[in-house]
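Hydrogens, waters and symmetry mates play no part in the numbers below; they use all other heavy atoms, side chains included. Residue numbers run from 1 in the order of the sequence given.
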Amino acid sequence: MKLLFKVSGFLLVVLVSSAIGFLKSNALNLRYKKLCKIHSSIADLKERIRLHGGEIDRLINLSFESYPINYTALEKEDITLIEDFFKNIGMSDTKAEYERCELYMSLIDTKIGLAQKNYMELGKLYKNIGFLGGIFICIFFL
């Protein structure tokens, strides 16, 4: 009976530490996916500005699925970049707004590349460290 409690405790420690590693890896993946979604929404807004022009608030609501944007998985630099994009939007003519969208799309492209690189490098590392950390803790308690 005592052995059963030890084995179940060790298994629980390994599972919890592995889950923490997977959650950290998932946060990196979520950031990448959100940045890709924002990039595609800005591209859609850019095309709507080019084709339709007109009232920018209506075009923003059509282009972005959920506006205002949920900043849950994004870093501070990402948030300031996106807020800077929305700060003065609609203050100039359609050609300038089109070019502004292109500029911010290129800036977000660099953020997407960094997020993808971080996920590829650190995502697998977090998963492995979580699992191996749990095994190390179990060995330490033996």
Side-chain angles (χ1 to χ4, degrees), residues 1-92 94 96-142:
M1 189 68 150
K2 194 175 187 183
L3 180 67
L4 180 67
F5 283 126
K6 280 186 179 182
V7 169
S8 63
F10 289 152
L11 185 63
L12 185 66
V13 167
V14 170
L15 288 176
V16 167
S17 64
S18 295
I20 290 171
F22 276 97
L23 288 175
K24 286 291 283 182
S25 175
N26 190 33
L28 292 174
N29 191 24
L30 187 62
R31 176 179 177 242
Y32 169 72
K33 287 181 179 178
K34 271 201 172 182
L35 286 174
C36 287
K37 186 184 266 188
I38 290 169
H39 181 271
S40 66
S41 296
I42 290 176
D44 186 44
L45 177 65
K46 178 183 82 163
E47 290 304 313
R48 288 180 193 269
I49 287 172
R50 184 179 66 85
L51 293 175
H52 303 292
E55 191 175 318
I56 199 76
D57 291 334
R58 182 179 59 84
L59 296 177
I60 288 174
N61 288 331
L62 289 174
S63 298
F64 288 86
E65 292 175 3
S66 59
Y67 182 77
I69 298 171
N70 186 3
Y71 298 127
T72 308
L74 300 176
E75 294 180 351
K76 288 188 179 195
E77 296 91 23
D78 304 333
I79 294 170
T80 56
L81 181 68
I82 295 166
E83 286 178 350
D84 189 42
F85 173 73
F86 286 115
K87 186 185 296 182
N88 294 323
I89 196 163
M91 296 294 183
S92 58
T94 56
E97 291 298 333
Y98 183 83
E99 292 171 359
R100 176 187 170 98
C101 288
E102 284 184 342
L103 171 70
Y104 278 94
M105 282 174 57
S106 66
L107 292 174
I108 290 177
D109 271 339
T110 58
K111 296 281 186 185
I112 288 172
L114 290 173
Q116 185 179 22
K117 182 181 172 189
N118 279 345
Y119 175 66
M120 294 303 224
E121 291 176 357
L122 297 177
K124 193 171 186 178
L125 180 70
Y126 285 148
K127 291 176 187 176
N128 290 335
I129 286 178
F131 179 71
L132 293 175
I135 290 176
F136 176 75
I137 292 171
C138 291
I139 290 171
F140 181 73
F141 282 127
L142 284 178

Exercise. Evaluate the side chain to side chain contact (heavy atoms under 4.5 Å, CB included) criterion for residues Lys87 and Glu83: first the C-alpha distance (whole Å), next the side-chain angles of each, then the deciding distance (0.1 Å), finally the verdict.
Key: CA-CA 6 Å; Lys87 186 185 296 182; Glu83 286 178 350; over 6 Å; no

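- Between Leu122 and Leu125, the closest side-chain pair of non-hydrogen atoms falls below 4.5 Å.
- Taking CG from Leu114 and CD from Glu75, the interatomic distance works out to 9.0 Å, rounded to the nearest 0.5 Å.
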Self-check item: From CA spacing to verdict: side chain to side chain contact (heavy atoms under 4.5 Å, CB included), Leu142, Phe10
Solution: CA-CA 10 Å; Leu142 284 178; Phe10 289 152; 3.4 Å; yes

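- A 4.5 Å side-chain heavy-atom check between Leu45 and Leu62 finds every atom pair outside the cut-off.
- Side-chain contact check for Phe64 versus Phe86: some heavy-atom pair is nearer than 4.5 Å.
- Taking all atoms of both residues into account, the shortest heavy-atom contact from His39 to Met105 is CD2-O, 3.5 Å.
- No side-chain donor-acceptor contact under 3.5 Å links Ser63 to the backbone of Ile60.
- To the nearest 0.5 Å, atom CG of residue Asn118 and atom CG of residue Asn29 are 12.0 Å apart.
- Taking the side chain as every heavy atom from C-beta outward, Leu30 and Thr72 never approach each other to under 4.5 Å.
- Across Lys111 and Leu35, no two heavy atoms sit closer than the pair O-CD1, 3.8 Å.
- Note that the CG atom of Leu132 and the CD1 atom of Ile137 stand 11.5 Å from one another [nearest 0.5 Å].
- With rounding to the nearest 0.5 angstrom, the OH atom of Tyr126 is 8.0 Å from the CD1 atom of Ile129.
- To the nearest 0.5 angstrom, Lys6 atom NZ is 15.5 Å from Leu11 atom CG.
- For Asp78 and Tyr71, the side-chain atoms include no donor-acceptor pair closer than 3.5 Å.
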Just list the side-chain donor-acceptor pairs under 3.5 Å for residues 14-26, sequence neighbours left out, or say none.
{"residue": "Ser17", "atom": "OG", "partner": "Val13", "partner atom": "O", "Å": "3.1"}
{"residue": "Ser17", "atom": "OG", "partner": "Val14", "partner atom": "O", "Å": "3.1"}
{"residue": "Ser17", "atom": "OG", "partner": "Gly130", "partner atom": "O", "Å": "2.8"}
{"residue": "Ser17", "atom": "OG", "partner": "Gly134", "partner atom": "N", "Å": "3.2"}
{"residue": "Ser18", "atom": "OG", "partner": "Val14", "partner atom": "O", "Å": "2.9"}
{"residue": "Ser25", "atom": "OG", "partner": "Gly123", "partner atom": "O", "Å": "3.4"}

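- For OH of Tyr98, the number of neighbouring non-hydrogen atoms (other residues, nucleotides, ligands) closer than 6.0 Å is greater than 12.
- The shortest heavy-atom contact between Arg100 and Asp84 is NH2-O, 3.0 Å.
- The shortest distance between side-chain heavy atoms of Phe85 and Leu103 does not fall below 4.5 Å.
- Listed for the Lys34 side chain is a donor-acceptor partner under 3.5 Å among the backbone atoms of Asn70.
- Distance CD/Glu99 to OG/Ser92: 9.0 Å, rounded to 0.5 Å.
- Not a single donor-acceptor pair under 3.5 Å links the side chain of Arg31 to the backbone N or O of Ile112.
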